[in-house]
Every structure is written in structure tokens, then in C-alpha cells.
A.B. asks: 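Next up is a structure, given as C-alpha cells.
Chain A is the first sequence line, chain B the second, and so forth, proteins listed ahead of strands; every chain is numbered from 1.
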Protein chains: 2
Amino acid sequence: MTHDIPPEQACPIAPVVDLVFSRWTTPILWALHEYGRHRFVELERRISTITPKVLTQRLRQLERDGLVVRTYHPEVPPRVEYEISELGRSLAPLFATLAGWSGNLKEVERARESYDSRQHAGGRRP
Amino acid sequence: MTHDIPPEQACPIAPVVDLVFSRWTTPILWALHEYGRHRFVELERRISTITPKVLTQRLRQLERDGLVVRTYHPEVPPRVEYEISELGRSLAPLFATLAGWSGNLKEVERARESYDSRQHAGGRRP
DNA sequence: GATAGTAGGTACCTACAGGAAAGTATTGGG
DNA sequence: CCCAATACTTTCCTGTAGGTACCTACTATC
């Protein structure tokens with residue numbers, strides 16, 4: 001063996017995955033990255049299926065991780081703006097790679113159809 | 001507006017994220033990609049915290065999606081081998097980008113410390 | 001004084017993912 | 001006759017993420 005593998009996770013990219021790809025973070029980061037600054041309700045409307053509670057949770061988490069920046073304007077009614085940070089912007093090539101790979105989704109679809117037809121055709125799985 | 005956004009998800013990379021970054025899939029794909037063919041128990045030992053039930057579930061899903069290839073050898077006791085498919089291997093640049101971004105994790109750590117100290121210091125969040 | 005509008009917070013509840021543990025089929029070996 | 005080994009499968013159980021619904025503070029406007 002070249003060097004020992006940490007017993008828990010043989011996967012060094014797991015921390016980044018947890019950070020960037022936990023539930024709802026991708027749509028939020030994408031929205032902020034693609035369409036710039038957003039107010040709370042604007043995000044809520046854009047990601048129409050998210051609930052305000054969860055949106056708050058995710059935004060706090062992303063702010064804590066330094067991926068988004070929150071700006072509070074003490075007006076009446078209050079106004080809060082969220083934008084992507086410099087660190088968050090550094091995820092752009094990653095997102096681009098992901099978007100590029102999307103082209104392979106049709107191949108995934110074909111694989112699924114093939115697999116399903118094989119299963120239904122009475123091919124017993126030993 | 002240049003073109004309409006699908007109301008549900010303003011995030012075109014969501015499908016890929018669901019496919020590649022659902023729970024446990026990253027360690028499995030990483031192991032198969034880095035260390036080649038594995039038998040069931042070998043994967044079980046390498047990803048020591050996964051249970052056989054879940055490992056089976058994920059492997060089935062990955063096989064159906066065409067990302068891994070399962071080979072059954074009808075011996076006694078039976079032998080099964082899993083390896084990454086060509087399609088799975090096409091994820092390599094994505095994983096490389098992720099691994100590259102890992103360098104920014106210390107900056108995330110700093111952001112967290114800064115955030116936490118600001119919160120504890122009595123800075124009330126309006 | 002009722003209402004609207006913003007940016008959340010809280011209490012409660014449920015569904016589902018995932019964990020634990022035992023079972024299954026097969027056959028060679030002691 | 002029982003065990004070992006492999007690759008799961010099945011049953012049962014629990015924790016927690018996330019959803020629903022309602023509540024807060026603040027002021028301007030009607």
C-alpha cells in the first residue's frame with residue numbers, strides 16, 4: 001500500500017460535497033450566482049418549493065460557511081439582501097463542469113431503460 | 001428577461017447533483033474509480049460505516065444509472081465484482097475539480113470561526 | 001385600530017432514510 | 001450434521017430533516 005486510507009471515509013471529496021451539495025444549497029447558490037443579489041422573498045419565489053423556515057436555515061449555513069454575504073438594511077419594513085461571496089464565486093468552474101456533464105443525462109436515461117427492460121424480461125438476478 | 005425559468009427549479013444542475021451526490025454514492029464511486037474493481041465485502045470494508053443493506057441499495061441504483069457495472073460469477077460461494085463504467089469514468093474531471101476546490105476548505109473554516117465569534121460576542125442579529 | 005408588508009422564529013408533526021440484527025441459498029469440508 | 005463463506009434480503013425500529021401553520025416586531029397608510 002502506498003499510504004493508509006482513513007478508515008471512515010475513503011473519499012477525500014466528501015467534505016466539499018457536504019458543504020456544497022447538501023439539500024437546497026445548490027439552487028440557492030445557483031440563483032445568487034446567475035441572477036445576482038436577491039432579497040429573501042425573491043429567493044423564496046424563485047425556488048418556489050422551499051419553505052421560509054428551511055430557506056432561513058440554509059442561508060444561515062451558507063453565510064456561516066462564507067459562501068454568501070447577508071446585508072441588513074434597517075429600514076421599515078426591513079430589507080435584507082443576499083449575494084454570493086468571492087469564495088462562493090470560486091465554485092463557478094465546478095458548476096460549469098457539472099452543467100457540462102449534464103449532456104450525459106440522456107445516456108443515464110438510456111441505461112435506466114435498458115436495466116428496467118432487462119429486469120422485467122424475466123432475467124432473474126442471481 | 002432573456003428566457004423563462006422553469007418555476008420549480010431555477011437550477012439546471014439539480015438533476016446531476018441528485019444523480020452523483022446522493023448519500024453514499026460519492027464514496028462508492030470514488031473507491032471504484034481510485035482503486036479499481038471491488039467485491040461486495042471489499043467495498044463494505046473500505047467504506048466501513050455503511051451497512052450491507054444500504055450498500056446494496058446504492059449499488060443497484062448506480063448500476064441502473066449506468067455508472068457502475070456488476071459482474072456475477074456463478075461459483076460457490078458466489079462472487080460478484082463491481083467496477084466503474086465508462087460513463088462513470090467520465091465523472092473524473094468533475095471529481096478532480098472538487099478535489100481541487102478542497103484547498104478552499106481552510107477558508108471555510110476561517111469563515112465559520114469568524115461568524116461564530118461575531119455571534120457569541122453579543123452581536124445581536126436584527 | 002385594522003391592515004399590509006418584510007424577514008424571519010417557534011411549536012408541532014410526519015415521512016422516509018437509514019441502522020441493527022437475523023435469515024436465505026449454495027456446497028465443500030471436517 | 002454442522003459450520004463456513006458470500007452476497008445479499010427481510011423485518012423491525014428510530015432519528016432527524018423537513019413541512020404546516022401560526023406568531024413576532026415595526027411602522028405607514030387607510
Side-chain angles (χ1 to χ4, degrees), chain A residues 7-9 11 14 17-28 31-32 37-65 68-83 115 119 123-126, chain B residues 8-9 11 14 17-28 31-32 37-65 68-83 115 118-119 123-126:
Chain A
E8 289 302 308
Q9 327 224 45
C11 181
V17 172
D18 286 350
L19 187 73
V20 182
F21 299 113
S22 59
R23 198 155 155 73
W24 292 119
T25 57
T26 331
I28 294 174
L32 295 179
R37 215 176 303 174
H38 281 67
R39 304 182 58 173
F40 188 86
V41 278
E42 289 169 351
L43 276 174
E44 205 175 348
R45 288 190 197 115
R46 193 182 286 281
I47 311 167
S48 57
T49 54
I50 200 171
T51 64
K53 172 189 150 186
V54 176
L55 180 56
T56 305
Q57 284 177 351
R58 295 301 112 168
L59 285 171
R60 284 293 125 75
Q61 175 193 317
L62 290 169
E63 187 196 359
R64 190 174 105 98
D65 292 341
V68 313
V69 176
R70 181 187 123 118
T71 315
Y72 178 80
H73 303 272
E75 309 164 359
V76 171
R79 190 161 56 89
V80 175
E81 284 182 323
Y82 294 94
E83 53 190 326
Y115 181 93
Q119 295 317 101
R124 257 173 321 299
R125 168 173 293 277
Chain B
E8 287 303 309
Q9 327 224 45
C11 181
V17 172
D18 286 348
L19 187 73
V20 182
F21 300 112
S22 59
R23 196 155 156 72
W24 293 117
T25 58
T26 331
I28 294 174
L32 295 179
R37 215 176 303 173
H38 280 67
R39 304 182 58 174
F40 187 86
V41 278
E42 289 169 351
L43 275 174
E44 205 176 349
R45 288 189 197 115
R46 192 182 286 282
I47 311 166
S48 57
T49 54
I50 200 171
T51 64
K53 174 189 148 186
V54 176
L55 180 55
T56 305
Q57 284 177 349
R58 295 303 111 167
L59 285 171
R60 285 292 125 76
Q61 174 194 319
L62 290 168
E63 187 195 359
R64 191 173 103 99
D65 293 341
V68 313
V69 177
R70 182 187 122 120
T71 315
Y72 177 81
H73 304 272
E75 310 163 357
V76 171
R79 190 162 55 91
V80 176
E81 284 181 322
Y82 296 93
E83 53 191 326
Y115 180 94
R118 260 178 290 154
Q119 295 318 102
R124 258 174 319 300
R125 169 173 294 277

A.B. asks: Is the phosphate of dC8(D) approached by Arg60(B) (side-chain N or O, under 4.0 Å from OP1 or OP2)?
C.D. replies: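 Arg60(B) to dC8(D) OP1/OP2: side-chain N or O found under 4.0 Å.
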
A.B. asks: Quick one: which of dT11(D), dG8(C), dG18(D) gets closest to the side chain of Tyr82(A)?
C.D. replies: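 For Tyr82(A), the side-chain atoms sit closest to dG8(C).
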
A.B. asks: How many angstroms lie between atom CZ of Arg23(B) and atom CZ of Arg58(B), to the nearest 0.5 angstrom?
C.D. replies: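 So the CZ of Arg23(B) and the CZ of Arg58(B) are separated by 9.0 Å.
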
A.B. asks: NE2 of His38(A) versus C1' of dT6(C): gap in Å, rounded?
C.D. replies: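 So the two atoms are 17 Å apart, to the nearest Å.
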
A.B. asks: Compare the minimum distances between each of dA7(D), dC8(D), dC12(C) and the side chain of Arg39(B), then state the nucleotide with the smallest one.
C.D. replies: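 Of all the options, the side chain of Arg39(B) is nearest to dA7(D).
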
A.B. asks: For Ser22(A), run the side chain to side chain contact (heavy atoms under 4.5 Å, CB included) check against Val20(A), Thr25(A), Leu19(A) and tell me which one passes.
C.D. replies: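 That would be Thr25(A); it is the only one of Val20(A), Thr25(A), Leu19(A) passing the side chain to side chain contact (heavy atoms under 4.5 Å, CB included) with Ser22(A).
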
A.B. asks: Could you tell me the separation between the CZ atom of Arg45(B) and the C1' atom of dT6(D), rounded to a whole number of Å?
C.D. replies: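 Taking CZ of Arg45(B) and C1' of dT6(D), I get 10 Å after rounding.
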
A.B. asks: Would you mind telling me which residue lines up with the more 5' stretch of DNA chain D, Pro77(A) or Val76(B), judged by nearest nucleotide?
C.D. replies: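 Counting from the 5' end, the first nearest nucleotide belongs to Val76(B).
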
A.B. asks: Given atom CD of Glu75(A) and atom C1' of dT6(C), what is their separation to the nearest angstrom?
C.D. replies: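 To the nearest whole Å, that distance equals 11 Å.
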
A.B. asks: For Arg79(A) and dT27(D), is the shortest distance between a side-chain N/O and OP1 or OP2 below 4.0 Å?
C.D. replies: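 For dT27(D), OP1/OP2 do not have a side-chain N/O of Arg79(A) under 4.0 Å.
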
A.B. asks: Measure the spacing between CZ of Arg70(B) and CD of Glu81(B) and express it to the nearest 0.5 Å.
C.D. replies: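 Atom-to-atom, Arg70(B):CZ and Glu81(B):CD are 11.5 Å apart.
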
A.B. asks: Please report the C-alpha distance between Leu43(B) and Leu32(B) in whole Å, then the side-chain angles of each, then the deciding distance to 0.1 Å, and finally whether the side chain to side chain contact (heavy atoms under 4.5 Å, CB included) criterion is met.
C.D. replies: CA-CA 9 Å; Leu43(B) 275 174; Leu32(B) 295 179; 4.2 Å; yes

A.B. asks: Expressed in angstrom and rounded to an integer, what is the separation of Glu81(A) atom CD from dA7(C) atom P?
C.D. replies: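 The answer, rounded to whole Å, is 9 Å.
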
A.B. asks: With a 4.0 Å limit, can you tell me whether Arg58(A) has a side-chain N or O closer than that to the phosphate oxygens OP1/OP2 of dG18(D)?
C.D. replies: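 Checking Arg58(A) against dG18(D): at least one side-chain N or O falls below 4.0 Å of OP1 or OP2.
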
A.B. asks: With a cut-off of less than 4.0 Å, is there a side-chain N or O of Arg23(A) near OP1 or OP2 of dG18(D)?
C.D. replies: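 Answer is yes, contact under 4.0 Å.
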
A.B. asks: Run the side chain to side chain contact (heavy atoms under 4.5 Å, CB included) test on Phe40(A) and Val80(A) for me, step by step, so that the C-alpha distance in whole Å, both residues' side-chain angles and the decisive distance to 0.1 Å come before the verdict.
C.D. replies: CA-CA 7 Å; Phe40(A) 188 86; Val80(A) 175; 5.5 Å; no

A.B. asks: Between dA7(D), dG19(C), dG19(D), which nucleotide has the shortest distance from any of its atoms to the side chain of Trp24(A)?
C.D. replies: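 Comparing dA7(D), dG19(C), dG19(D) against the side chain of Trp24(A), the answer is dG19(D).
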
A.B. asks: Can you tell me how far C1' of dA17(C) sits from CG of Leu55(B), to the nearest Å?
C.D. replies: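 It is 16 Å, rounded to the nearest whole Å.
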
A.B. asks: Send over the distance from His73(A) NE2 to dA7(C) C1', rounded to a whole Å.
C.D. replies: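 Taking NE2 of His73(A) and C1' of dA7(C), I get 13 Å after rounding.
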
A.B. asks: Nearest-nucleotide wise, let me know which of Thr51(B) and Pro78(B) is further upstream toward the 5' end of DNA chain C.
C.D. replies: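 The 5'-side residue here is Thr51(B).
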
A.B. asks: Could you state the CD-P distance from Glu44(A) to dT6(C), rounded to the nearest angstrom?
C.D. replies: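 In whole Å, dT6(C) P lies 10 Å from Glu44(A) CD.
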
A.B. asks: If you take atom types as modelled and just measure distance, does the side chain of Lys53(B) reach the base of dG19(C) with a donor-acceptor pair under 3.5 Å?
C.D. replies: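 Pair found.
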
A.B. asks: May I have the distance from Glu42(B) (atom CD) to dT6(D) (atom P), rounded to whole angstrom?
C.D. replies: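 Taking atom P of dT6(D) as the reference, CD of Glu42(B) is at 10 Å.
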
